[in-house]
Structures are given as C-alpha cells and as structure tokens.
Asks: 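One structure is given below, represented as structure tokens, and several questions about it will come after.
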Amino acid sequence: MPLAAVAVAAVLASALAGGCSSGGPATDGPLGGGAYGSISGGSVCAPGRVGQPRTFGIERFTDHGHAAVVLDSVALLHPHHERLVGSYAVPGEMLIGVATWPPKYAGLPSTWKDRQPVHGFRLAPRKSFNMVLGVTATALGRASSQGMVIYYHDSAGSYVTSNDLAMIIAVDKPEC
C-alpha cells in the first residue's frame, strides 16, 4: 500500500476511534441517523457495470443538537473497488432510494429539486436530510464499501460520524 494511503487510513481510523490526539474531530456530535433514519448496519445492493454510477440515497440524518451543523465532506468507509463520484444533501424526511446516478425516475421525491452539495450544507437543529451518494464500481466482481463517514462542524466544534450500511454494486450480474 502506498505510504500516502497508509497515512490516510491511520488518520481515519484514529478519528473514528475518537483517539486523535492532535485535536481531530470528535465522534459525539449532534448529527445522528442511518438507513431510513435509524437502522444501523446491514447492506443494500444494486446491479451495475464498471464506470456506471449508482445512487445510494436511503440514509437520513438529523441534527439532534441546539445549533445548526454544517457539513464539510463525506467519504466511503473502507471502499473496495468503489469510488465516490458525487454527493448531495437533500433536505427533509423523504428518501431518494437506490437508482442510476444521478437519479431520474418516475416518482422521484420532489425534495430532489432542493438538493445541495454536501460541502457547506447547513442543517438547522431538529431538522433532517437525506444523504445521497453517487458511487461507481472500478473493477469487475463485487464492489463494496462498509458505509460512509461524514465530517461536519457546529459552533462548538468539529465532528465525524459514520454509518455502517454497506453499499454493494454487483458488477455485470443481473442480481445481487
């Protein structure tokens, strides 16, 4: 593994463990959620092809604090033959679901028109949003990530939260 990748992995592991001695983001911030807003773990699978992005938008997060939070970035958690190609925060309770990227299907929730880039998205206390990721497979076989990591801040500090709903793309297979 290249030295830069080892360094990034070490920083991420330390941040997720809450043990970053250099003042890294805390893991006890006000943002919470998961699949459908509360479920932790599990997986969702979509058939696909190498380079054909898929939408994963079934995770809802809520600001449980007393101040607005601002999203800084999102990353895939331990990706294997997957790459993030886009990300949006969609305000509200509605979920976009799993589809092609970007999502364009009959019955697409009207909240999609209010989507905003993740970086800089501002969420008021007690409000929710749907994290919608565009993910593509980079190799044949099973592409996966173990979830996502969200970096954000509020007036009190910087935080990191993770969600462990695995995102799987079954490359060149009709079914997952």
Asks: Taking the six-membered ring where the residue is Trp, are the ring centres of F56 and W101 under 6.0 Å apart?
Replies: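 No, the ring of F56 stays outside the 6.0 Å limit from the ring of W101, centre to centre.
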
Asks: Please say which of E82, H81, H78, H80 ends up in a side chain to side chain donor-acceptor pair (under 3.5 Å) with S145.
Replies: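 When side chain to side chain donor-acceptor pair (under 3.5 Å) is applied between S145 and each of E82, H81, H78, H80, only E82 qualifies.
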
Asks: Quick one: closest heavy-atom pair of L84 and V74, and the distance?
Replies: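 Taking every non-hydrogen atom into account, CD2-O, 3.5 Å.
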
Asks: Side chains of H119 and D72: is there a donor and an acceptor less than 3.5 Å apart?
Replies: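 Absent: no donor and acceptor within the cut-off.
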
Asks: Give a yes or no on whether the backbone of E93 and the side-chain of R60 come within a donor-acceptor separation of less than 3.5 Å.
Replies: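 Yes, because the side chain of R60 sits within donor-acceptor range (under 3.5 Å) of the backbone of E93.
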
Asks: Looking at side-chain heavy atoms only, is the closest gap between D154 and V70 below 4.5 Å?
Replies: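 Not touching, per the 4.5 Å side-chain cut-off.
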
Asks: Restricting to non-hydrogen atoms, name the atom on G32 and the atom on H64 that form the minimum distance, rounded to 0.1 Å.
Replies: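 Taking every non-hydrogen atom into account, N-CD2, 3.9 Å.
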
Asks: In chain order, what residues pass the ring pair (Phe, Tyr, Trp, His ring centres under 6.0 Å) check against F129, with sequence neighbours excluded?
Replies: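 Scan of F129 (ring pair (Phe, Tyr, Trp, His ring centres under 6.0 Å), adjacent residues dropped) gives F61, F121.
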
Asks: Where do M167 and L76 come nearest, in terms of heavy atoms and distance?
Replies: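 Closest approach of M167 to L76, heavy atoms only: CE-CD2, 3.8 Å.
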
Asks: Looking at NZ of K127 and CZ of R122, how far apart are the two atoms once the value is rounded to the nearest 0.5 Å?
Replies: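 Rounded to the nearest 0.5 Å, the NZ-CZ separation comes to 14.5 Å.
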
Asks: For a quick test of reading the model, state the closest non-hydrogen atom pair linking L133 to S87 and the distance between them.
Replies: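 Scanning both residues completely, I find the closest heavy atoms to be CD2-CB, 3.7 Å.
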
Asks: Does some side-chain heavy atom of P30 sit less than 4.5 Å from a side-chain heavy atom of Y159?
Replies: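 Result yes, sub-4.5 Å side-chain heavy-atom pair found.
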
Asks: Can we say D63 and R126 salt-bridge, meaning some charged N sits less than 4.0 Å from an Asp/Glu carboxylate O?
Replies: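 Not counted as a salt bridge, because no side-chain N and carboxylate O are separated by less than 4.0 Å.
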
Asks: Decide yes or no for P79 and Q146: does some side-chain heavy atom of the first lie under 4.5 Å from some side-chain heavy atom of the second?
Replies: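 The answer is no, as the side chains (C-beta and beyond) never meet within the 4.5 Å cut-off.
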
Asks: Using the side-chain contact (heavy atoms from CB on, under 4.5 Å) definition, which of the options L71, I96, L95, N163 pairs with M131?
Replies: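 That would be L71.
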
